[in-house]
Amino acid sequence: MNDEIAIHWFRQDLRISDNPSLNFLSEKYDNIVAVYILDEVNCDRKMGSASKTWLHHSLLSLNEKLNNKLLVFKGNPEVVFNNLVDNYNVKQISWCRCYEPWIIKRDLNLKKNLKNKVQINSFNSSLLWEPWEVLKNDGSPYKIFTPFYKRGCLNSKPPRKPKSQEINFFNHNIKSQSIFDLELTSSKFWEKKIIKYWNIGESFASKLMNDFFSIGIQDYSEGRNFPIRKNVSRLSPYLHWGQISPHTLWYEVSNIEQEVGEKNAEIFKSELGWREFFYNLLYHFPKIQKFNLQTKFDKFPWENNNSFFDAWKKGQTGFPIVDAGMRELWETGYMHNRVRMITGSFLVKNLLIHWNQGEEWFWDCLFDADYASNSASWQWVAGTGTDSAPYFRIFNPVTQGKKFDPTGEYIRKFIPELRNFPLKYLFEPWECPPNTLKNFKLGINYPFPIVDVKTSREKALDAFAKIKVN
DNA sequence: CCTGGAGTTGTCCTA
DNA sequence: TTAGGACAACTCCAG
């Protein structure tokens with residue numbers, strides 16, 4: 001019997017279907033061995049708590065699909081692979097590309113150091129266009145979304161078509177650590193709570209896609225702005241971990257463009273385009289996770305205020321739409337996109353707290369925490385990023401609440417103490433005449449607003465004026 | 001090199 | 001009540 005093996009290294013492509021590396025190996029080899037390695041040696045930032053939880057359950061689900069033959073290790077991949085190559089007849093190692101700067105660097109070294117022992121291949125699986133392929137005519141990267149997407153992406157070659165095939169996984173006897181040895185999970189109440197809202201794994205990703213494409217997308221262009229409506233896909237965590245490919249989403253939504261309306265399909269695609277844009281930015285500006293893209297913001301007078309930051313994290317700012325969002329995040333490991341903008345704008349522009357702090361908190365709490373998207377989105381909110389959105393665009397947390405949660409249903413869902421609060425004052429409880437509600441006292445049952453909207457807005461505008469170029 | 005049009009998601013004031 | 005312009009000026013991008 002043939003004892004030659006080929007290793008597929010699972011990373012952020014935790015799926016069997018439409019996996020180019022697995023497809024490639026399957027055509028050449030009869031014996032494929034699947035490996036996952038938790039690398040906390042080379043990384044420049046450890047996974048957040050929610051990400052670890054998602055990964056833990058994803059690996060359990062993947063392992064089950066593989067008849068418990070997934071090999072799991074913790075440590076430096078180079079050491080792990082050297083061991084495997086020295087002890088088994090490994091002909092080939094193959095993986096799907098990641099784009100975090102530290103991973104690019106690590107993989108490059110790994111290839112260099114192992115290429116004399118074993119054949120190595122890598123594939124694109126998680127981006128519709130490679131970041132080095134979408135460039136302006138002069139060869140430099142785009143900094144503005146619209147030309148990036150319309151001209152850079154839509155005018156170049158169409159994304160690869162998704163392809164799924166039978167994979168020849170090998171019924172091996174190789175020993176490894178267990179998924180529990182990775183210590184990705186704890187018995188924290190918080191973890192148990194947030195996973196209750198999700199079904200984690202590849203099969204649930206396709207189910208979610210199918211459900212969304214048959215119902216939610218029908219009113220995507222309008223409805224996606226309202227946090228209580230079922231018009232967003234909530235596929236972001238699955239996309240991040242590669243439990244579904246953007247290629248599948250791209251072509252599936254193209255197929256139903258007539259039924260769901262061209263506009264809804266186009267806007268959904270452009271959201272995938274934003275994801276591409278964020279990766280493109282990260283690839284060409286690898287420091288955006290920490291550093292302002294517009295360096296003039298380096299001298300912006302951010303404020304250090306731990307009690308404000310704590311109030312924001314806990315959903316105790318006294319602004320119901322902000323608090324509802326922050327509590328949704330803590331309760332479910334997710335926050336609706338519109339509310340991410342509102343809470344982000346509030347942190348940065350009303351509290352004047354550095355976007356780095358918001359980015360860190362989201363990194364820890366979000367199931368879809370993504371190195372590229374999280375950083376680039378925070379820079380967008382803060383106005384420190386590439387897009388030249390006017391600095392005076394400051395969300396008003398009262399107006400935004402009234403506009404996008406007009407029935408108050410979202411606020412009431414996540415802020416139980418306001419469940420019986422009159423709708424008229426729900427977006428600005430401090431305006432409610434005292435004693436309107438029995439057993440409710442502002443400052444006791446729900447906090448007073450920690451800042452004044454008007455004066456904090458003006459303060460932010462003054463601060464922005466100070467860093468103007470001239 | 002020059003030119004002109006444009007830039008995800010807002011708010012506030014005024015007529 | 002509502003629609004339209006001001007907010008300020010910059011950088012990006014393509015021709």
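Scope of the values below: all heavy atoms of this structure, side chains included, with no hydrogens, waters or symmetry mates. Naming: A, B, ... by sequence-line order, numbering from 1 per chain.
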>> Taking the P atom in each of dG5(B) and dA8(C), what is the distance between them to the nearest angstrom?
In response: 23 Å

> Asp138(A) has an atom CG; how far is it from atom C1' of dC13(C), in whole Å?
Replying inline: 9 Å

> Once you round it to whole Å, what is the distance between C1' of dC13(C) and CZ of Arg151(A)?
Replying inline: 9 Å

> Taking CZ from Phe346(A) and C1' from dG10(B), how many angstroms apart are they, rounded to a whole number?
Replying inline: 16 Å

> Just how far is it from atom CG of Leu352(A) to atom CZ of Phe300(A), taken to the nearest 0.5 Å?
Replying inline: 5.5 Å

>> Side-chain N or O of Asn396(A) versus OP1/OP2 of dC12(B): is the shortest distance under 4.0 Å?
In response: yes

> Would you say Gln400(A) reaches dT9(B)'s phosphate, i.e. side-chain N/O to OP1/OP2 under 4.0 Å?
Replying inline: no

>> Tell me the interatomic distance from Glu222(A), atom CD, to dT9(B), atom P, rounded to whole angstroms.
In response: 15 Å

> dT11(C) P sits how many Å from Gln294(A) CD, rounded?
Replying inline: 9 Å

> Lys143(A) has an atom NZ; how far is it from atom C1' of dC10(C), in whole Å?
Replying inline: 12 Å

> Between dG7(B), dC13(C), dT11(B), which one does the side chain of Lys136(A) approach most closely?
Replying inline: dC13(C)

>> Could you tell me how far apart Glu458(A) (CD) and dG10(B) (P) are, to the nearest whole angstrom?
In response: 20 Å

>> Check for me: is Tyr142(A) stacked on dC13(C) by the 5.5 Å centroid and 30° plane-angle rule?
In response: no

> For the side chain of Ile144(A), counting heavy atoms from C-beta on, which of dC13(C), dT9(B), dA8(C) is nearest?
Replying inline: dC13(C)

> So what's dT8(B) paired with, Watson-Crick or G-U wobble, going by both distances under 3.5 Å?
Replying inline: none

>> How many whole angstroms separate atom OH of Tyr391(A) from atom P of dA9(C)?
In response: 8 Å

>> Please confirm whether the shortest side-chain N or O distance from Thr386(A) to OP1 or OP2 of dC12(C) is below 4.0 Å.
In response: no

>> Both conditions, 6.0 Å and 45 degrees, for the charged tip of Arg340(A) above the ring of Tyr334(A): are they met here?
In response: yes

> Any side-chain N or O of Arg393(A) under 4.0 Å from OP1/OP2 of dT9(B)?
Replying inline: yes

> Less than 6.0 Å separating the ring centroids of Trp355(A) and Trp378(A)?
Replying inline: no

> Under 3.5 Å, is there a donor-acceptor pair linking the side chains of Tyr410(A) and Glu328(A)?
Replying inline: yes

> So, for Trp95(A) and Phe24(A), is the gap between ring centers shorter than 6.0 Å?
Replying inline: no

> If you measure from the P atom in dC10(C) to the same atom in dT11(B), how many Å do you get, rounded?
Replying inline: 25 Å

> Using the P atom in both, what is the distance from dA14(C) to dT8(B), to the nearest Å?
Replying inline: 13 Å

> Taking the side chain of Trp274(A) as its heavy atoms from C-beta onward, which of dT9(B), dC12(B), dT8(B) lies nearest to it?
Replying inline: dT8(B)

> What is the pairing partner of dA8(C), taking Watson-Crick or G-U wobble pairs with both distances under 3.5 Å in any strand?
Replying inline: none

> Is there a side-chain hydrogen bond (donor to acceptor under 3.5 Å, both in side chains) between Ser186(A) and Lys52(A) once you walk through the steps?
Replying inline: CA-CA 10 Å; Ser186(A) 74; Lys52(A) 285 185 187 170; over 6 Å; no

